[in-house]
Amino acid sequence: MIWSNRFIGIPHEELGRSRDGADCWGLACIIYREELGITLPEYLDYSSTAEHGELSAVIEGATASPLWIPVEGPAIAFDIALFRRGKLATHAGIVIRHGLMIHSVHGASSVVTPIRGPWASRHVGHYRHVELISGRSH
């Protein structure tokens, strides 16, 4: 069984950070915690629908953080894929393998989706957590 199957179907919930409901960043928090033993910042002061500018700033700040390294080559499992909605980067997916991600979409449950297709034009980049590079997770 591939690890991502355990996270399919988690209901979307704004600011959700549990299996009872999660937004896109909440899903990343759950996956990193359960699969890698890494605790990500939860950013509960931001709403992914009501405050897109602030969330975008958080995401942009996270990409400049020493915890996240831009990925130059192919993405690997657990990289974070960032996407724009309009002009702002406000959506995150978790890479399963290069070209495939799991993410939570407003009004639905978490699903597996190819990064190509409709998401490709919105793709900002992939970022890898430093603990995945240093091998300190697990």
Which heavy atom of [X] sits nearest to which heavy atom of [Y], and what is that distance?
| X | Y | result |
| --- | --- | --- |
| W3 | A77 | NE1-CB, 4.1 Å |
| V95 | I76 | CG1-O, 3.3 Å |
| P11 | S109 | CA-OG, 3.8 Å |
| A81 | I115 | CB-CD1, 4.3 Å |

With clusters defined by side-chain heavy atoms of hydrophobic residues (ILVMFWY) lying less than 4.5 Å apart, directly or transitively, does I96 cluster with V105?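 No, it is not one cluster - the side chains of V105 and I96 are not joined through contacts under 4.5 Å.
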
Following the transitive rule for hydrophobic clusters with a side-chain heavy-atom cut-off under 4.5 Å over Ile, Leu, Val, Met, Phe, Trp and Tyr, establish whether V111 and I80 coincide in one cluster.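 Looking at the clustering, I80 is in a separate group from V111.
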
Determine whether [X] and [Y] make a side-chain contact, defined as any pair of heavy atoms from C-beta on separated by less than 4.5 Å.
| X | Y | value |
| --- | --- | --- |
| F78 | E131 | no |
| L40 | H129 | yes |
| V124 | F83 | no |
| L27 | Y32 | no |
| I69 | I133 | yes |
| M101 | V112 | no |
| R33 | I38 | no |
| L82 | Y127 | yes |

So, [X] side chain and [Y] main chain: donor-acceptor pair closer than 3.5 Å or not?
| X | Y | result |
| --- | --- | --- |
| H98 | A75 | yes |
| S104 | S110 | no |
| W25 | P41 | yes |

Under the side-chain hydrogen bond (donor to acceptor under 3.5 Å, both in side chains) test, which residues partner E13, sequence neighbours left out?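 Per chain and number, E13 pairs via side-chain hydrogen bond (donor to acceptor under 3.5 Å, both in side chains) with no residue.
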
CZ/R97: more than 12 non-hydrogen atoms of other groups inside 6.0 Å: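 At most 12 heavy atoms, drawn from other residues, nucleotides or ligands, come within 6.0 Å of this atom.
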
Could I get the full list of ring-ring contact (aromatic ring centres under 6.0 Å, His included) partners for H126, not counting sequence neighbours?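 H126 satisfies ring-ring contact (aromatic ring centres under 6.0 Å, His included) with H123 only.
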
Salt bridge check, E34 against R19: does any charged N sit closer than 4.0 Å to a carboxylate O?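 Judged by the 4.0 Å cut-off on N to carboxylate O distance, R19 and E34 do form a salt bridge.
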
Identified side-chain hydrogen bond (donor to acceptor under 3.5 Å, both in side chains) counterpart of D23 within the set H103, H12, R17: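 Testing D23 for a side-chain hydrogen bond (donor to acceptor under 3.5 Å, both in side chains) against H103, H12, R17 leaves exactly one candidate, R17.
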
